[in-house]
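One structure is given below, encoded as structure tokens.
Below, all heavy atoms of this structure are taken into account, side chains as well, without hydrogens, waters or symmetry copies. In the text below, chain A, chain B and the rest are named by the order of the sequence lines, each starting its count at 1.
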Amino acid sequence: MEPLYRPEGVEQRWQDTWEAEGLYAADADDDRPTYVDAHPPPNVTGAAHMGTAMGLTLADALVRWKRMQGYNCLFQPGYDHAGISTQYQVERALEAEGRSRQEVGREAFVELVWDWLRRYGQTIMGQFRRLGASMDYSRERMTMDEGYTRAVMRHFVHLWERGWLYRDNRIANWCPYHRSSLSDLELDHVETDDELVSVRYPFADGDGHVTIATVRPATILADVAVAVHPDDERYRELVGREVLVPFVERSVPVIADERVEPEFGTGALKVTPGHDPTDFEIGRAHGLPEPMVIGPDGLMSEEAGELAGLTQEEAGARVLAWCEERGLLESREPYRHTIARCARCHSRIEPLISLQWWCRMDELRQPALAALREGRVRYHPESQHRFAIDSLEHAPDWNISRQIWWGHQLPVWYCPDEHITVAESEPEACVECGSKALRREQDVLDTWFSSALWPFATLGWPDDTPDLRRFYPGDFNITARDIIRLWENRMIFAGLELMGELPFRDVIIYSIVLDPKGRRMSRTLGTGIDPLELIDEHGADATRYGVLKMSSAQDVRFSVGAIEEGRRLANKLWNVARLILMNTEGVEPAARPRDLEERWILARIESARVEVEANLGSFQFARVANALYHLIFDDFCDWYAEAIKPRLYAKDEAAQATALAALERLLKLLHPAMPHVTEEIWTQLPARQSRLIVAPWPAPEAGEPGDLQRVQDAAAIYRRSGVRIRLDDVEQRIFDAVVREQRDAADLEGEVARLQSEIARAERMLGDERFVQNAPEDVVEGEREKLARYRRELDALAG
RNA sequence: GGGCGCGUAGCUCAGCGGGAGAGCGCCCGCUUCACACGCGGGAGGUCGCUGGUUCGAUCCCAGCCGCGCCCACCA
């Protein structure tokens with residue numbers, strides 16, 4: 001064994017070995033209790049980033065822990081076809097060759113995407129393996145593989161039969177680049193410098209005008225009304241009158257609607273149902289027409305008359321010029337506001353009316369809401385639980401159709417009379433009129449419509465499979481905060497609706513990893529950090545440890561220091577293992593504690609076991625990392641190992657056997673966090689029955705009462721004394737003796753003074769009736785214990 | 001605009017009602033036979049600000065100030 005631990009070859013070897021030996025595999029015939037994570041499937045064309053690495057590490061630590069506890073673990077790997085995102089990447093690649101998707105045609109384009117996936121996809125599972133994620137890679141799935149597609153079709157048909165799907169002309173976010181509608185969740189909102197213009201709308205029947213403000217003068221052409229707030233004194237008498245829309249000189253009514261914000265602009269709103277979501281609602285409420293003057297390409301459409309074909313900027317300029325000539329342009333001022341852009345291609349979003357498929361949320365959300373409110377499924381941390389309930393409660397109907405080509409085509413057919421037939425596979429005839437001239441809906445489903453099925457579609461649903469019976473429901477799901485509404489809540493209601501059972505009990509929301517300057521890590525900003533580079537440089541164990549350590553708060557700054565700490569920890573563990581292994585040849589591990597420090601370290605490891613279990617169980621991973629670090633550095637190495645060294649050199653068999661037993665337990669506790677280095681050391685221990693990855697997790701063990709306390713007292717004094725251990729002396733001492741020995745060399749005066757002042761302080765507090773009566777019992781008890789300890793220490797020093 | 005969170009040692013962060021902590025960095029001393037990715041010692045802090053509750057507040061409450069993330073149709 002080299003003195004410097006080098007993870008490079010070691011980690012790769014163990015990853016290969018564990019997988020080859022089937023230790024990651026989940027078996028439906030294995031009837032031990034199950035532990036299941038249907039892990040978030042990354043975008044098939046993506047690369048792992050820090051968030052991916054964090055979610056994966058936390059999940060893997062839990063899975064490894066439970067595997068050692070004897071659970072039949074399923075850690076499910078796979079990919080999401082990620083409709084819009086993937087299509088966008090392939091389109092970009094096409095454009096680089098000077099071609100467009102339209103030229104290629106739909107069928108060929110979809111084939112191209114598949115080719116692309118075969119070539120560039122499938123890289124993330126390599127990254128997952130490299131981090132040591134103990135997934136059952138033989139079960140890899142993709143949300144568009146054959147079986148999964150059947151599940152998606154069944155999902156759609158099921159919702160249709162329940163009467164929760166409908167097709168309607170509604171205003172939707174439209175991306176002119178993708179030529180598709182987008183859900184609200186697929187947008188970015190970007191601050192933009194714009195211009196707010198005020199334009200006069202003259203009364204149709206006389207003098208005077210109403211002034212409105214707009215940032216999009218081109219949409220004036222599609223105005224159908226001017227709206228004011230019903231309580232707005234300034235305009236009350238105008239309601240019911242008619243005004244002339246500039247440029248088109250169409251007469252439209254002034255109406256009253258509560259959606260108008262009297263404080264904004266002039267308090268009068270031009271109503272353009274075709275191009276604005278609020279206006280659309282107002283228009284529907286008042287039965288107004290819904291003309292559109294902007295087309296799917298973002299340019300002015302035929303309905304814009306002489307302005308057809310112009311960009312919105314050009315058209316807007318023409319409209320304003322027209323107004324200016326007639327004295328209708330009141331003002332133009334710079335205006336900064338946020339506008340919606342496509343999260344993928346950053347095109348400016350056009351709200352347009354289009355024919356879309358929708359999923360009604362009213363009934364679907366109810367069982368999920370009840371489950372959340374009753375705590376049958378819990379988000380961690382608690383604050384996210386409240387957010388999840390709130391966003392599910394207010395979720396509007398779900399636009400599930402997308403006008404793109406890559407994805408699950410809706411299982412919907414239309415006859416020439418536009419009757420709708422919904423079926424899992426191609427029907428023979430229209431269900432209403434029997435017509436055989438059916439054409440299939442061209443739209444595809446929102447990616448999340450399929451992702452929502454992940455916890456059970458990966459197990460074979462809609463078929464009744466042994467896997468499904470064994471591994472559903474799962475135990476937890478772990479994800480980033482911004483996915484709660486997109487995915488987590490939808491898995492919850494889909495699981496309840498289709499399986500009749502919640503897909504998991506716990507949802508863990510991990511930290512958002514910011515760059516060292518506190519900005520969001522982003523590939524486009526170049527502020528991302530590639531986990532693979534970290535693994536190459538520091539090792540997977542070190543990276544895992546660092547990620548655990550960083551995972552405490554809601555937003556965390558990336559700090560390479562945490563990963564370096566992990567590397568030092570791995571090295572430290574490696575070296576203390578060398579010390580023990582080099583000096584215990586031919587000895588079997590067995591806890592045979594004789595001296596106090598031996599009883600103490602076993603008790604200390606036991607207390608660490610309790611701490612690790614409690615914190616893994618409550619998903620407080622940073623505390624796990626912290627507990628392990630101090631256990632190893634402060635207690636096991638600096639103290640225990642130093643103390644027993646002479647006995648190891650002297651081939652004291654009881655000490656040797658105990659050291660091996662202690663090391664064994666230590667490795668087990670550390671394995672979920674740092675699996676590779678621990679397994680590597682494990683194989684070098686004598687008489688191994690199994691791999692560490694499947695070795696039994698330590699059972700609770702009773703120690704000698706008081707051991708931990710007594711040695712900690714001695715250690716505290718010893719450390720403060722400033723005297724280093726002299727190895728030849730250590731062998732003979734038991735700790736009470738050590739303390740006596742040290743006191744001559746120690747700064748006794750200072751130590752005694754300090755203890756006396758502490759004792760005085762504790763006595764003062766305990767003598768204060770207000771404290772004893774008012775403070776919580778455990779606090780008072782804590783003070784009593786401190787007082788007792790200080791007195792013991794003082795006695796020990798006094799000899 | 002709404003929600004959530006954060007301001008503690010130069011940096012990254014723990015602690016969350018009774019002694020101000022860790023790791024890194026810095027200073028001093030150690031080629032001690034597991035480890036210099038180490039060992040021992042040390043310097044460094046009005047615990048963002050202002051009030052309140054309490055015998056006592058870094059910790060609880062309120063209000064400010066600063067920062068971040070998520071969300072959002074004020075034209």
Under the rule for side chain to side chain donor-acceptor pair (under 3.5 Å), what residues qualify as partners of [X], not counting sequence neighbours?
{"X": "A:Thr278", "result": "none"}
{"X": "A:Asp397", "result": "A:Tyr166"}
{"X": "A:Tyr640", "result": "none"}
{"X": "A:Glu611", "result": "none"}

Determine the Euclidean distance between corresponding [atom1] atoms of [M] and [N]; express it in Å to zero decimal places.
{"N": "B:rU58", "M": "B:rG48", "atom1": "C1'", "value": "12 Å"}
{"N": "B:rG40", "M": "B:rG25", "atom1": "P", "value": "15 Å"}
{"N": "B:rA9", "M": "B:rA36", "atom1": "P", "value": "32 Å"}
{"N": "B:rC24", "M": "B:rG19", "atom1": "C1'", "value": "26 Å"}
{"N": "B:rC26", "M": "B:rG68", "atom1": "P", "value": "30 Å"}
{"N": "B:rG1", "M": "B:rG45", "atom1": "C1'", "value": "38 Å"}
{"N": "B:rU8", "M": "B:rC13", "atom1": "P", "value": "9 Å"}
{"N": "B:rG15", "M": "B:rG23", "atom1": "C1'", "value": "15 Å"}

Mind checking what makes ring-ring contact (aromatic ring centres under 6.0 Å, His included) contact with A:Phe633, not counting sequence neighbours?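 With neighbours one apart ignored, the set is A:Tyr629.
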
What nucleic acid atoms does [X] come within less than 4.0 Å of, heavy atoms only: base, sugar-phosphate, or nothing?
{"X": "A:Thr278", "answer": "base"}
{"X": "A:Met582", "answer": "sugar-phosphate"}
{"X": "A:Ile512", "answer": "sugar-phosphate"}
{"X": "A:Asp482", "answer": "sugar-phosphate"}
{"X": "A:Thr272", "answer": "nothing"}
{"X": "A:Arg216", "answer": "nothing"}

Tell me which nucleotide among [options] gets nearest to the side chain of [X].
{"X": "A:Leu514", "options": "B:rA75, B:rG68, B:rC70", "answer": "B:rG68"}
{"X": "A:Asn575", "options": "B:rG68, B:rA34, B:rC37", "answer": "B:rA34"}
{"X": "A:Asp638", "options": "B:rA75, B:rC73, B:rG40", "answer": "B:rG40"}
{"X": "A:Gln554", "options": "B:rG5, B:rC70, B:rA72", "answer": "B:rG5"}

Between CG of A:Leu372 and CD of A:Glu488, what distance do you get to the nearest 0.5 Å?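 The CG atom of A:Leu372 sits 10.5 Å away from the CD atom of A:Glu488.
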
Euclidean distance, A:His380 NE2 relative to A:Phe619 CZ, rounded to 0.5 Å: 4.5 Å

Calculate the interatomic distance between [X] atom [atom1] and [N] atom [atom2]; express it in whole Å.
{"X": "A:Ile509", "N": "B:rC4", "atom1": "CD1", "atom2": "C1'", "result": "12 Å"}
{"X": "A:Asp276", "N": "B:rC73", "atom1": "CG", "atom2": "P", "result": "11 Å"}
{"X": "A:Ile580", "N": "B:rC35", "atom1": "CD1", "atom2": "C1'", "result": "13 Å"}
{"X": "A:Glu195", "N": "B:rA75", "atom1": "CD", "atom2": "C1'", "result": "15 Å"}
{"X": "A:Phe633", "N": "B:rA34", "atom1": "CZ", "atom2": "C1'", "result": "12 Å"}
{"X": "A:Glu8", "N": "B:rC37", "atom1": "CD", "atom2": "C1'", "result": "13 Å"}
{"X": "A:Asp515", "N": "B:rG68", "atom1": "CG", "atom2": "C1'", "result": "12 Å"}
{"X": "A:Glu281", "N": "B:rC73", "atom1": "CD", "atom2": "C1'", "result": "8 Å"}

Can you check whether [X] has a side-chain N or O nearer than 4.0 Å to OP1 or OP2 of [N]?
{"X": "A:Ser552", "N": "B:rA14", "value": "yes"}
{"X": "A:Arg557", "N": "B:rU12", "value": "yes"}
{"X": "A:Lys572", "N": "B:rC39", "value": "yes"}
{"X": "A:Arg623", "N": "B:rG15", "value": "yes"}

Can you tell me which stems RNA chain B forms, taking runs of 3 or more consecutive Watson-Crick or G-U pairs with both distances under 3.5 Å?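 Result, WC/G-U stems under 3.5 Å: B:1-7 with B:65-71, B:10-13 with B:21-24, B:26-30 with B:38-42, B:48-52 with B:60-64.
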
Could you tell me whether the side chains of A:Arg578 and A:Asn575 share a donor-acceptor contact shorter than 3.5 Å?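 Their side chains do contain a donor-acceptor pair, which is all the 3.5 Å distance test asks for.
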
Verify the neighbour count for atom CZ of A:Arg6: are there more than 12 heavy atoms of other residues, nucleotides or ligands below 6.0 Å? no

Atom CZ of residue position A:Arg170 - does it have more than 12 heavy atoms of other residues, nucleotides or ligands inside 6.0 Å? yes

Which parts of nucleotides 21-26 of chain B does protein reach within less than 4.0 Å, heavy atoms only, written one letter per nucleotide 5' to 3' as B for base, S for sugar-phosphate only and - for none? -SSS--

Closer to the 5' end of RNA chain B via nearest nucleotide, is it A:Phe558 or A:Arg567?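 It is A:Phe558 whose nearest nucleotide is closer to the 5' end.
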
Residue met sooner reading RNA chain B from 5', once A:Asn583 and A:Met550 are mapped to nucleotides: A:Met550

Sequence neighbours excluded, every pair satisfying salt bridge (Lys or Arg N to Asp or Glu O under 4.0 Å) that has a member inside residues 546-573 of chain A: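 Those involving residues 546-573 of chain A are A:Arg481-A:Asp555, A:Lys549-A:Glu565.
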
Identify every side-chain donor-acceptor pair in residues 216-231 of chain A under 3.5 Å, counting partners at least two apart or on other chains, and give the distances.
{"residue": "A:Arg216", "atom": "NH1", "partner": "A:His275", "partner atom": "O", "Å": "3.4"}
{"residue": "A:Arg216", "atom": "NH2", "partner": "A:Gln312", "partner atom": "OE1", "Å": "3.0"}
{"residue": "A:Arg216", "atom": "NH2", "partner": "A:Glu350", "partner atom": "OE1", "Å": "2.6"}
{"residue": "A:Thr219", "atom": "OG1", "partner": "A:Arg216", "partner atom": "O", "Å": "2.7"}
{"residue": "A:Thr219", "atom": "OG1", "partner": "A:Lys270", "partner atom": "NZ", "Å": "2.8"}
{"residue": "A:Asp223", "atom": "OD1", "partner": "A:Lys270", "partner atom": "NZ", "Å": "2.8"}
{"residue": "A:Asp223", "atom": "OD1", "partner": "A:Thr272", "partner atom": "OG1", "Å": "2.7"}
{"residue": "A:Asp223", "atom": "OD2", "partner": "A:Tyr201", "partner atom": "OH", "Å": "2.5"}
{"residue": "A:His229", "atom": "ND1", "partner": "A:Asp231", "partner atom": "N", "Å": "3.1"}

